[in-house]
Trainee: 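This is the structure, below, for whatever I ask next.
Hydrogens, waters and symmetry mates play no part in the numbers below; they use all other heavy atoms, side chains included.
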Amino acid sequence: MAEETKAAGMRGVLGETWIDFPAPDNKSEAEMLAYTEKFLKKWQGRFRSFIAAVAPHSIYTCSRKNPGRRIGAGAPNIMLPF
């Protein structure tokens with residue numbers, strides 16, 4: 001998605017979705033965290049036209065123990081878009 005956004009000359013916030021159950025791109029919480037870290041390291045700050053972010057899906061698909069909910073609560077204190 002990031003490569004296509006750049007190629008199209010578009011702007012935006014591109015987020016890796018966090019969710020509490022297996023998804024097509026990540027089958028476990030460990031995979032989700034590893035994939036998100038790789039995504040952020042690759043794209044954060046690379047282009048001025050878009051921002052890489054973490055995207056917890058919704059309050060009904062992310063329990064209170066979900067890392068996105070825990071980190072998101074502290075987002076104002078860290079330099080990580082949610």
Trainee: Is the shortest side-chain heavy-atom distance between K6 and F50 below 4.5 Å?
Mentor: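 With C-beta onward as the side chain, the pair touches.
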Trainee: Can you give me the closest heavy-atom contact between W18 and L33, atom names plus distance?
Mentor: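 Smallest heavy-atom distance, with atoms named: CH2-CD2, 3.7 Å.
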Trainee: Apply side chain to side chain contact (heavy atoms under 4.5 Å, CB included) to the pair D20 and T61, showing each step before the final yes or no.
Mentor: CA-CA 6 Å; D20 275 351; T61 60; 5.9 Å; no
Trainee: Give a yes or no on whether K27 atom NZ has more than 12 heavy-atom contacts from other residues, nucleotides or ligands under 6.0 Å away.
Mentor: yes
Trainee: Measure the spacing between CG of N26 and CD1 of I19 and express it to the nearest 0.5 Å.
Mentor: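 Answer for the CG-CD1 pair, N26 versus I19, is 10.5 Å.
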Trainee: List the steps, then state whether salt bridge (charged side-chain N to carboxylate O under 4.0 Å, His left out) holds for K42 with E3.
Mentor: CA-CA 11 Å; K42 181 174 182 177; E3 291 170 0; 3.6 Å; yes
Trainee: Would you please test Y35 and E16 for side chain to side chain contact (heavy atoms under 4.5 Å, CB included) and show each step?
Mentor: CA-CA 8 Å; Y35 186 88; E16 177 54 33; 3.0 Å; yes
Trainee: Going by heavy atoms in the side chains, are I51 and Q44 under 4.5 Å from each other?
Mentor: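 Yes. Closest side-chain heavy atoms under 4.5 Å.
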Trainee: What distance separates F21 CZ from H57 NE2, expressed to the nearest 0.5 Å?
Mentor: 7.0 Å
Trainee: State which residues pass side-chain hydrogen bond (donor to acceptor under 3.5 Å, both in side chains) with E31; sequence neighbours excluded, sorted by chain then number.
Mentor: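 Checked E31 against side-chain hydrogen bond (donor to acceptor under 3.5 Å, both in side chains); zero matches.
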Trainee: Applying a strict under-4.5 Å side-chain criterion to I, L, V, M, F, W and Y, I'd like to know whether V54 and F47 cluster together.
Mentor: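 Yes; F47 is reachable from V54 via cluster members.
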Trainee: Nearest heavy-atom pair of A52 and W43: which atoms, and what distance?
Mentor: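 Looking at all heavy atoms of both residues, the shortest contact is CB-CB, 3.9 Å.
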Trainee: L40 and A53: which non-hydrogen atoms are nearest, and at how many Å?
Mentor: CD2-N, 3.9 Å
